[in-house]
Amino acid sequence: MIETSRLILRPWQDEDAASLFRYASDSDIGPIAGWPPHTSVEHSLEIIRTVFSAPEVYAVVLKDTGEPVGCCGIMFADSLHTADMHQREAEIGYWIGKPYWGQGLIPEAVEALLSRCFNDLALDAVWCGYYEGNAKSKRVCEKCGFKFHHTNRDILSPLGDKRTEHLYLLTKEDYPQPR
């Protein structure tokens, strides 16, 4: 479990399926990130038990309400990811429910994951990417200190369409250490 000022990042639980469905069924959430909207609470439960059961995948939970409203995670070179990673590198992914857009919650979660990556897991670099047109994810990358690295064009997304993906990188040397 990871705690920030407004959030708790914790493993997903079966009991979270209804909340996950509430936000992940929105057609403005998944497709921009490359995955289809959830179709039922049972579908969300299946995702919790499979995709979200991977190590370092966290429910983004509001401290005030205890409700999971998004997801973030750290993916390593041996897992499903989009960046061309080496050992001692990872990629951070994230999404949050539409009612919580623009509140700085995902940058807060990403900052906590970056601390975990560099301070606990001793990684050398962390990647973060987004598909063309996802201005909110681009803003998270920039806000959290990632630097543009390269663009991949005509890549096949998990939805089967071809997209342009922009990849950003933050190295251990560029990571701002706490003072």
Side-chain angles (χ1 to χ4, degrees), residues 1-83 85 89-123 126-131 134 136-137 139-141 143-144 146 157-160 165 170:
M1 188 173 84
I2 301 170
E3 197 169 327
T4 71
S5 61
R6 298 180 290 169
L7 303 171
I8 295 171
L9 308 181
R10 62 154 172 81
W12 285 89
Q13 303 163 355
D14 287 357
E15 304 78 49
D16 297 330
S19 290
L20 175 57
F21 176 68
R22 181 177 305 116
Y23 301 110
S25 61
D26 186 326
S27 61
D28 287 336
I29 304 292
I32 199 162
W35 46 269
H38 291 200
T39 55
S40 66
V41 172
E42 293 74 24
H43 179 210
S44 292
L45 179 60
E46 179 187 339
I47 296 298
I48 288 171
R49 291 179 173 172
T50 56
V51 179
F52 290 177
S53 66
E56 303 293 338
V57 174
Y58 301 94
V60 176
V61 179
L62 298 176
K63 274 187 180 177
D64 290 347
T65 65
E67 181 184 25
V69 297
C71 184
C72 63
I74 304 166
M75 297 155 288
F76 300 95
D78 59 353
S79 65
L80 177 65
H81 60 279
T82 53
M85 293 187 285
E89 295 183 356
E91 180 180 4
I92 288 181
Y94 49 81
W95 65 266
I96 195 161
K98 199 173 186 179
Y100 304 97
W101 287 3
Q103 298 178 27
L105 295 168
I106 286 298
E108 187 174 319
V110 169
E111 291 290 346
L113 292 184
L114 286 170
S115 176
R116 175 139 178 79
C117 285
F118 291 118
N119 297 324
D120 300 338
L121 302 174
L123 297 179
V126 178
W127 294 88
C128 196
Y130 64 91
Y131 290 124
N134 191 342
K136 291 179 184 346
S137 280
R139 183 71 187 117
V140 171
C141 289
K143 218 176 194 181
C144 294
F146 288 90
S157 87
L159 290 176
E165 181 182 45
L170 182 61

Do [X] and [Y] have side chains that get closer than 4.5 Å, going by heavy atoms?
X: Ile32; Y: Tyr131; value: no
X: Ile47; Y: Phe21; value: no
X: Ile96; Y: Lys136; value: no
X: Leu113; Y: Ile2; value: yes
X: Ile29; Y: Tyr23; value: no
X: Val60; Y: Tyr100; value: no
X: Phe76; Y: Pro55; value: no
X: His38; Y: Leu20; value: yes

message: Using modelled atom types and a 3.5 Å cut-off, is there a donor and acceptor pairing between side-chain atoms of Glu108 and backbone atoms of Arg6?
response: yes

- prompt: Taking Arg22 for the side chain and Gly97 for the main chain, is one N or O donor matched with an acceptor at less than 3.5 Å?
  reply: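 Not a single qualifying donor-acceptor pair exists.
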
- request: Please name the residue in the list Ile48, Val51, Val61 that meets the side chain to side chain contact (heavy atoms under 4.5 Å, CB included) test with Trp12.
  value: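 One option only clears the test, and that one is Ile48.
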
field: Pairs flagged by side chain to side chain donor-acceptor pair (under 3.5 Å) wherever residues 25-35 is involved - sequence neighbours left out
entry: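 Of all non-adjacent pairs touching residues 25-35, those that pass side chain to side chain donor-acceptor pair (under 3.5 Å) are Asp28-Lys98.
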
message: Filter on side chain to side chain donor-acceptor pair (under 3.5 Å), then keep only pairs touching residues 45-54, sequence neighbours left out; what's left?
response: Asp14-Arg49

Looking only at heavy atoms, what is the nearest atom pair of [X] and [Y], with distance?
X: Lys143; Y: Glu111; result: O-OE2, 4.1 Å
X: Ile92; Y: Cys117; result: CD1-SG, 4.4 Å
X: Tyr94; Y: Ser137; result: OH-O, 3.0 Å
X: Pro37; Y: Pro31; result: CD-CG, 3.9 Å

message: Let's go through Leu114 and Cys144 carefully: what are the C-alpha distance in whole Å and the side-chain angles of both, what is the deciding distance for side-chain contact (heavy atoms from CB on, under 4.5 Å) to 0.1 Å, and is it a yes or a no?
response: CA-CA 9 Å; Leu114 286 170; Cys144 294; 4.2 Å; yes

message: Could you go through Cys72 and Val110, starting from their C-alpha distance and side-chain angles, then the distance that decides it, and tell me whether this counts as side-chain contact (heavy atoms from CB on, under 4.5 Å)?
response: CA-CA 8 Å; Cys72 63; Val110 169; 5.7 Å; no

query: Which value, rounded to the nearest 0.5 Å, describes the distance between Trp95 atom CH2 and Ile106 atom CD1?
result: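 Output value for this atom pair is 8.5 Å.
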
message: For the CD atom of Glu91 and the CE atom of Met75, what is their distance to the nearest 0.5 Å?
response: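 One gets 4.5 Å once the value is rounded to the nearest 0.5 Å.
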
- request: May I have the step-by-step check of side-chain contact (heavy atoms from CB on, under 4.5 Å) for Leu45 and Val41, ending in yes or no?
  value: CA-CA 6 Å; Leu45 179 60; Val41 172; 5.5 Å; no

query: Got more than 12 heavy atoms from elsewhere within 6.0 Å of NZ, Lys63?
result: yes

field: Stepwise side-chain contact (heavy atoms from CB on, under 4.5 Å) test for Asp16 and Phe52
entry: CA-CA 11 Å; Asp16 297 330; Phe52 290 177; over 6 Å; no

